[in-house]
Amino acid sequence: MWISTTLLCSERQWWNKVLGSEDWQRDSSSVAINLRLILVSGKTKEFLFSPNDSAADIAKHVYDNWPMDWEEEQVSSPNILRLIYQGRFLHGNVTLGALKLPFGKTTVMHLVARETLPEPNSQGQRNREKTGESNCCVIL
């Protein structure tokens, strides 16, 4: 009983800090975004975040609160954790609110360890090379 009370107090402090109010007590799902993060290994864990949280904030929070059942996948720094949403890497400054994620519903993202992000046009360049397309014109 004492452990769960302590957890609730910590959770309440966290919500007050993130949201600046005590609305979490009434209906946290209406003001928070639930993320289900999936590792390459297939292990998953759900976290609640504010719409103002950025990809970098999320990586730091997950690193600081690394789940015990993810111990084998522990990374050395939050700076190498990357989020993938709808097949695209999220840059550190992108907020959940900017992605227009729904409140009260679970959104799935992949969490991977990667030193750098791919160049924005690298996939498009690779596709042009495969199809033989070029950026020049032929005038007849």
Side-chain angles (χ1 to χ4, degrees):
M1 184 72 166
W2 182 80
I3 293 172
S4 64
T5 304
T6 303
L7 180 62
L8 286 175
C9 289
S10 299
E11 194 173 283
R12 181 178 180 172
Q13 290 169 350
W14 183 82
W15 276 109
N16 285 337
K17 179 182 168 199
V18 172
L19 302 174
S21 72
E22 292 190 20
D23 288 346
W24 71 272
Q25 207 167 19
R26 280 176 272 167
D27 186 8
S28 62
S29 64
S30 67
V31 293
I33 296 171
N34 187 39
L35 287 187
R36 177 178 297 140
L37 300 179
I38 303 175
L39 299 180
V40 174
S41 66
K43 293 179 181 178
T44 65
K45 187 74 173 181
E46 292 189 11
F47 296 89
L48 290 175
F49 292 102
S50 160
N52 297 326
D53 286 328
S54 68
D57 296 333
I58 294 166
K60 174 103 173 79
H61 176 79
V62 172
Y63 178 81
D64 291 343
N65 299 280
W66 198 259
M68 293 178 96
D69 58 331
W70 287 8
E71 191 174 328
E72 292 177 12
E73 290 88 358
Q74 180 72 46
V75 294
S76 59
S77 165
N79 299 330
I80 65 170
L81 289 175
R82 307 288 183 212
L83 291 169
I84 301 173
Y85 177 60
Q86 294 185 341
R88 297 193 174 150
F89 284 92
L90 300 182
H91 288 271
N93 60 346
V94 174
T95 64
L96 297 179
L99 298 172
K100 298 183 180 356
L101 300 180
F103 297 116
K105 295 187 178 179
T106 300
T107 299
V108 177
M109 292 190 186
H110 289 86
L111 182 69
V112 298
R114 185 174 178 139
E115 293 287 334
T116 59
L117 291 177
E119 291 296 319
N121 294 331
S122 64
Q123 186 64 37
Q125 180 64 32
R126 220 177 286 133
N127 286 343
R128 282 192 294 277
E129 289 169 1
K130 285 181 184 177
T131 61
E133 288 181 27
S134 68
N135 292 332
C136 63
C137 301
V138 176
I139 301 175
L140 300 174

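Starting from 1, each residue takes its place in the sequence as its number.
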Same cluster (ILVMFWY, side-chain, under 4.5 Å), [X] and [Y]:
| X | Y | value |
| --- | --- | --- |
| Ile84 | Val108 | no |
| Leu39 | Phe49 | yes |
| Phe47 | Val94 | yes |

If you define the side chain from C-beta out and look only at heavy atoms, does anything of [X] sit under 4.5 Å from [Y]?
| X | Y | answer |
| --- | --- | --- |
| Leu96 | Leu35 | yes |
| Ser41 | Trp70 | no |
| Leu83 | Leu37 | yes |
| Tyr85 | Leu101 | yes |
| Pro51 | Ile33 | yes |

*Intermediate values then yes/no, side chain to side chain donor-acceptor pair (under 3.5 Å), His61 and Asn65*: CA-CA 6 Å; His61 176 79; Asn65 299 280; 3.2 Å; yes
*For the side chain of Thr106 and the backbone of Asn34, is there at least one donor-acceptor N/O pair under 3.5 Å apart?*
no
Atom of [X], atom of [Y] and distance for their closest heavy-atom approach:
| X | Y | result |
| --- | --- | --- |
| Pro78 | Lys60 | CB-CA, 3.9 Å |
| Glu71 | Trp66 | N-NE1, 4.1 Å |
| His91 | Ala55 | O-CB, 3.4 Å |

Listed partners of [X] passing salt bridge (Lys or Arg N to Asp or Glu O under 4.0 Å), at least two apart:
| X | result |
| --- | --- |
| Arg36 | Glu46 |
| Lys43 | Glu73 |
| Asp69 | none |

*Going by atom types alone, do Asp53 and Ser50 pair a side-chain donor with an acceptor below 3.5 Å?*
no
*Thr107: what forms a side chain to side chain donor-acceptor pair (under 3.5 Å) with it, not counting sequence neighbours?*
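In terms of side chain to side chain donor-acceptor pair (under 3.5 Å), with neighbours along the sequence ignored, Thr107 is linked to no residue.
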*Enter the distance from His110:NE2 to Thr44:OG1 here, rounded to the nearest 0.5 Å.*
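Interatomic distance, His110 NE2 to Thr44 OG1, rounded to 0.5 Å: 10.5 Å.
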*Under the side-chain contact (heavy atoms from CB on, under 4.5 Å) rule, collect the residues that match up with Ala98, sequence neighbours excluded.*
Thr95
*So which of Leu111, Ile80, Val112 actually passes side chain to side chain contact (heavy atoms under 4.5 Å, CB included) with Val75?*
Ile80
_Heavy-atom neighbours of Glu72 CD exceed 12 at 6.0 Å_ = no
*Please write out which residues are connected to Met68 in a hydrophobic cluster, directly or through intermediates, given that two of Ile, Leu, Val, Met, Phe, Trp, Tyr count as joined at side-chain heavy-atom separations below 4.5 angstrom.*
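When side chains under 4.5 Å apart are linked, Met68 ends up in no cluster with other residues.
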*Could you walk me through whether Met109 and Leu99 pass the side chain to side chain contact (heavy atoms under 4.5 Å, CB included) test, one step at a time?*
CA-CA 12 Å; Met109 292 190 186; Leu99 298 172; 4.0 Å; yes
